[in-house]
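Lettering follows sequence order; numbering is per chain, from 1. Everything numeric here is computed off the predicted structure, so don't read it as measured data.
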Protein chains: 2
Amino acid sequence: MKIGELANETGLSTKTIRYYEDIGILPEPGRQANGYRSYNPSIIDRVGFIKDAQASGLSLVEIQIILELRDEGESTCEHTVRLLESHLEAVEHQIIDLHRTKAQLQKMIIKAKALDPADCQNPNRCQTISATHL
Amino acid sequence: MKIGELANETGLSTKTIRYYEDIGILPEPGRQANGYRSYNPSIIDRVGFIKDAQASGLSLVEIQIILELRDEGESTCEHTVRLLESHLEAVEHQIIDLHRTKAQLQKMIIKAKALDPADCQNPNRCQTISATHL
DNA sequence: AAATACCTTCCAGTCGACTAGAAGGTGGCG
DNA sequence: CGCCACCTTCTAGTCGACTGGAAGGTATTT
């Protein structure tokens, strides 16, 4: 399986595949006589996992840690679970932060709408903006 | 008011203040005879707004748009409100995405925990990872 | 006069995940 | 034999929001 075929199968670009190899998240494949990369089809699953994990918001570095542990045959589950749990925590924090952001934006918008647009003509003190200093 | 004093007042570093000037989000201040930047204290409010807006997740570019409109004395409120609303929408999308991510992570964790860690000793097919292909 | 603390400009680097392009080699088809 | 798609490596650029450092000028204190 050549790199282009793998790209077609997985939806990654050949550039991205080589990049993943560079950063070590994909192993160096074998080579054909002409130097072309030659992939074992099992690599498709690995790419699939990478995409899934990435969709869950894991960074390539985090994914790499999981995959390295797996490659070394360590008691991966525990490590993986710990990593997933810490990431879950981070995601929960992000959600809380975004809710705070959302509330602030809504406040800004409500205040801005309540103002008479004509007041905005004073360039030194736009009401919308002044009003946002809560 | 020199740049260091402004930095102290606002909590920004002098580097950041110069950077904001470079990208145009802060106006070029006057200069003292020796070439030092000389700020009008009103700049503190502008920095305050920048910080508030940033805390609400607006990018410097978005903030710059608002400030430019204000500087031009246009009917800023409407533009600002539109910008804030579109950002609010983006934030809401992000929240939804993160909830999906969270659910996926929780699924992964539950499945991983339900497995016998001993099964993980097979380096070619860690159960946690295989299980994540939902 | 020296030390220090501040100021100036400009250039470079960081993080993350790629993407673009140059310059050249290879495989297969008509 | 020409053509085109594919492959190779390498370098460098992108976005956003800074941060670091060099090399030098200035203000104040001791």
#### Entry: Between D:dG16 (P) and B:Ile50 (CD1): distance, integer Å
16 Å
### Task
Decide yes or no on side chain to side chain contact (heavy atoms under 4.5 Å, CB included) for A:Leu84 and A:Leu58, but give the supporting numbers first.
CA-CA 8 Å; A:Leu84 292 174; A:Leu58 290 166; 4.0 Å; yes
## Note on the structure
Here the distance between atom C1' of C:dC7 and atom CG of B:Leu6, to the nearest Å, is 14 Å
### Task
Go along nucleotides 25-30 of chain D 5' to 3' and tag each nucleotide: B for a protein heavy atom under 4.0 Å from its base, S when only backbone or sugar atoms are that close, - otherwise.
BBS---
### Query
With respect to the phosphate group of D:dC7, does any side-chain polar atom (N or O) of A:Arg37 fall under 4.0 Å of OP1 or OP2?
no
### Message
Could you tell me how far apart B:Ile63 (CD1) and D:dC18 (C1') are, to the nearest whole angstrom?
### Response
14 Å
### Query
Do any side-chain nitrogens or oxygens of B:Thr16 fall under 4.0 Å of OP1 or OP2 in D:dA17?
no
### Steps toward side chain to side chain contact (heavy atoms under 4.5 Å, CB included) verdict (B:Lys51, B:Val47)
CA-CA 6 Å; B:Lys51 294 186 92 179; B:Val47 172; 4.2 Å; yes
### Query
If every non-hydrogen atom of A:His87 is compared with every non-hydrogen atom of A:Gly57, which pair is closest and at what distance?
CE1-O, 3.0 Å
### Message
Within the structure provided, determine whether A:Arg46 and A:Ile43 are in side-chain contact (heavy-atom separation under 4.5 Å).
### Response
yes
### Query
Which residues within residues 17-30 of chain B lie with some heavy atom under 4.0 Å of an atom in DNA chain D?
B:Tyr19, B:Tyr20
### Task
Take atom OH of A:Tyr39 and atom P of D:dT8, then tell me their distance rounded to the nearest Å.
7 Å
### Query
If you measure from CD on A:Glu62 to CG on A:Leu83, what distance do you get to the nearest 0.5 Å?
5.5 Å
## Note on the structure
The bend of the helix from C:dA1-D:dT30 to C:dG30-D:dC1, taken between the axes of its five terminal pairs at each end and rounded to 10°, is 30°
### Message
So, does A:Ser13 get its side chain near the phosphate of C:dT19, meaning an N or O under 4.0 Å from OP1 or OP2?
### Response
yes
### Check: B:Met1 and B:Ile44 side chains under 4.5 Å, non-hydrogen atoms
yes
### Task
Please test A:Leu60 against A:Tyr19 for side chain to side chain contact (heavy atoms under 4.5 Å, CB included), starting from the C-alpha separation and ending with a verdict.
CA-CA 11 Å; A:Leu60 291 181; A:Tyr19 167 71; 4.1 Å; yes
### Query
Going from CD1 on B:Ile96 to CG on A:Leu98, what distance comes out if it is rounded to the nearest 0.5 angstrom?
11.5 Å
### Message
Both B:Gln54 and B:Lys15 contact DNA chain D. Taking the nearest nucleotide for each, which residue is further toward the 5' end?
### Response
B:Gln54
### Atom-to-atom span, CG of B:Asn8 to P of C:dC6 - whole angstrom
8 Å
### Query
Atom CG in A:Leu88, atom CD in B:Gln106: separation rounded to 0.5 Å?
5.5 Å
### Query
Can you find a side chain N or O atom of A:Gln32 that sits less than 4.0 Å from OP1 or OP2 on D:dC6?
no
### Query
Tell me: CG of B:Leu12 to C1' of D:dT19, nearest whole Å?
13 Å
### Task
Output, in order, the C-alpha distance, side-chain angles, deciding distance and verdict of side chain to side chain contact (heavy atoms under 4.5 Å, CB included) for A:Leu67 and A:Gln64.
CA-CA 5 Å; A:Leu67 289 174; A:Gln64 194 174 4; 5.7 Å; no
### Task
Determine whether more than 12 heavy atoms belonging to other residues, nucleotides or ligands lie under 6.0 Å from atom CD of A:Glu28.
no
